[in-house]
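Notes to accompany the following structure.
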Amino acid sequence: MALHDQGCQRRSARQKAELPLEHVDLAFSDWQLWADAPHFSRTAFAETLDGGQAFRWNRIKNCFEGRWAKNTVRLRQDNSGILWCAPTGDNPEAVGSALAQYFALDTDFAGQTDALPWRSDPVLKTAIEAFPGLRILRQPLGETLFGFLCSSTKQIPQIKAICEAVAIDMGDPLPDGSHALPSWAQIAAAGETRLREAKLGYRARYINQTAVFLSQNPGWLDETEALPTSEARQRLISLPGVGRKIADCVLLFGMGRLEAFPIDTWVQKILVRAYGLEGWKSDPLLDFARVHFGPSAGLAQQYLFAAARAGLIAKK
DNA sequence: GCACAGGTAGATT
DNA sequence: AATCTACCTGTG
């Protein structure tokens with residue numbers, strides 16, 4: 001009981017300061033080598049987890065702690081590779097298979113990267129060389145949609161804080177004392193007011209409308225995932241609050257469609273500055289990206305985004 | 001006080 | 001069809 005109270009106190013204090021949650025180490029298993037782990041450079045490991053693809057990873061001490069679906073996992077990189085640990089009692093085989101799906105181990109990102117036009121594109125070459133092993137995550141579809149519905153004109157730390165607040169308020173508790181993101185039914189039941197209390201502002205109305213629709217149409221997102229990319233995109237855009245950019249984020253980070261190329265303010269600036277496309281708007285830039293980067297344009301986008309965040313390319 | 005931040009939808013030109 | 005503008009909230 002005393003332990004529980006202490007944890008809650010710590011959590012609320014940290015929430016106010018918008019710092020990552022910290023959980024009781026005793027609740028976690030020993031570190032285990034992730035034998036199937038993909039190769040990551042240090043930079044790519046951090047950027048893949050905490051670079052704006054997903055909003056539920058936090059640096060804790062010498063590791064990253066993340067959540068998706070009903071999973072809580074800690075990952076740490078050392079000279080032997082990637083190590084993981086999970087709440088005591090979690091089935092190691094289930095964790096392994098959850099990791100395999102989340103990290104899209106069935107996708108050959110090294111091969112997709114090599115097929116990008118880096119040989120003739122020095123900007124892309126710089127970005128790829130700075131983040132060797134960068135991957136596109138394959139996140140649960142609904143969670144990806146929720147995260148990016150929260151994202152408009154918000155910075156990553158704020159999006160993470162909102163996701164955490166909504167999870168604590170509406171989501172199921174997890175074995176380590178943290179919370180999963182809520183289902184659409186849970187969000188719809190909570191309503192717009194509670195979403196606004198999580199500091200969602202004008203996004204709350206869209207998210208509530210989307211949650212009401214999706215909870216009344218179970219299977220709709222899975223049906224969408226079965227469609228070709230352009231048809232899936234059209235359906236996603238029909239949801240309240242989802243435009244081209246958020247739809248492309250969902251296609252890329254939640255459905256593994258590497259051709260999807262989200263253009264946000266960062267990517268717009270990168271393309272304009274690095275490729276001399278002054279005055280180009282979003283639609284022509286999409287055509288440029290498709291033609292120049294090819295079928296894995298979305299992977300190129302992630303390299304460029306990472307490199308721009310690091311101040312390596314497209315500087316003023 | 002004010003501009004700006006991983007956008008979208010609706011109005012106006 | 002292209003270009004505003006409102007919409008919440010936090011940060012600098």
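- At a threshold of 4.0 angstrom between heavy atoms, the contacts of A/Val267 include nucleobase atoms, whether or not backbone atoms are also involved.
- A/Gln301 comes within 4.0 angstrom of a nucleotide base, judged by non-hydrogen atoms across all strands.
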Taking N or O atoms only and anything under 3.5 Å, show me the protein contacts with nucleotides 5-8 of chain C, one pair per line.
residue: C/dC8; atom: OP1; partner: A/Arg196; partner atom: NH1; Å: 3.3
residue: C/dC8; atom: OP1; partner: A/Arg196; partner atom: NH2; Å: 2.6
residue: C/dC8; atom: O4'; partner: A/Tyr202; partner atom: N; Å: 3.0
residue: C/dC8; atom: O2; partner: A/Arg203; partner atom: NH1; Å: 2.9

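- Backbone-only engagement by A/Gly241 is indicated by non-hydrogen atom pairs under 4.0 Å involving sugar-phosphate atoms exclusively.
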request  = List the steps and the verdict of side chain to side chain contact (heavy atoms under 4.5 Å, CB included) for A/Leu137 and A/Phe103.
outcome  = CA-CA 5 Å; A/Leu137 298 172; A/Phe103 283 87; 3.9 Å; yes
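- Across all strands shown, A/Gln53 has heavy atoms under 4.0 Å from base atoms, whether or not it also approaches the sugar-phosphate.
- Pairs passing the salt bridge (Lys or Arg N to Asp or Glu O under 4.0 Å) check and including a residue from residues 271-287 of chain A, sequence neighbours excluded, read A/Asp287-A/Arg290.
- To the nearest angstrom, P of B/dG7 lies 13 Å from CG of A/Leu149.
- Heavy atoms of A/Gly51 sit under 4.0 angstrom from at least one base atom.
- Looking at A/Glu231 and A/Arg257, no side-chain N of the basic residue comes within less than 4.0 Å of a carboxylate O on the acidic one, giving no salt bridge.
- Rounded to whole Å, atom P of B/dG7 lies 14 Å from atom CG of A/Asp248.
- In this structure, A/Gln209 places its CD atom 10 Å from P of B/dA9, rounding to the nearest Å.
- Between A/Gln158 atom CD and C/dT11 atom P there is a gap of 6 Å when expressed in whole angstrom units.
- If you take NZ of A/Lys281 and C1' of C/dT3, they are 9 Å apart, rounded to a whole angstrom.
- Rounded to an integer number of Å, the gap from A/Gln268 CD to B/dC4 C1' is 16 Å.
- The interatomic distance linking A/Ile237 (CD1) with B/dG10 (P) rounds to 14 Å, in whole Å.
- Nucleotides C/dT11 and B/dT8 have their P atoms positioned 23 Å apart, rounded to a whole Å.
- Identified under the salt bridge (Lys or Arg N to Asp or Glu O under 4.0 Å) test for residues 300-313 of chain A, with sequence neighbours left out: A/Glu47-A/Arg309.
- Residues A/Trp280 and A/Tyr275 place their aromatic rings such that the two centres sit no closer than 6.0 Å.
- The salt bridge (Lys or Arg N to Asp or Glu O under 4.0 Å) check on A/Arg233 picks up A/Asp248, with sequence neighbours excluded.
- Between A/Arg67 and A/Asp176 there is a salt bridge, since at least one side-chain N of the basic residue sits less than 4.0 Å from a carboxylate O of the acidic one.
- The environment of CD in A/Gln101 is sparse: at most 12 heavy-atom neighbours from other residues, nucleotides or ligands sit within 6.0 Å.
- Toward the 5' end of DNA chain B, the nearer of the two residues A/Leu239 and A/Lys269, judged by each one's closest nucleotide, is A/Lys269.
- Between A/Ile156 atom CD1 and B/dG7 atom C1' there is a gap of 15 Å when expressed in whole angstrom units.
- Listed by chain and residue number, A/Arg194 satisfy the side-chain hydrogen bond (donor to acceptor under 3.5 Å, both in side chains) test with A/Asp169 (two or more places apart in sequence, or in another chain).
- Not one N or O on the side chain of A/Thr210 forms a donor-acceptor pair closer than 3.5 Å with the backbone of A/Ile207.
- In terms of phosphate contacts, A/Lys160 brings no side-chain nitrogen or oxygen within less than 4.0 Å of OP1 or OP2 of C/dG10.
- Atom C1' of C/dG10 sits at a distance of 23 Å from the matching atom of B/dA9, rounded to the whole Å.
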ask   = Where does DNA chain C pair, written as one dot-bracket string 5' to 3', with Watson-Crick or G-U pairs under 3.5 Å, ( ) inside the strand, [ ] for crossing pairs and | for another strand?
value = |||||||.||||
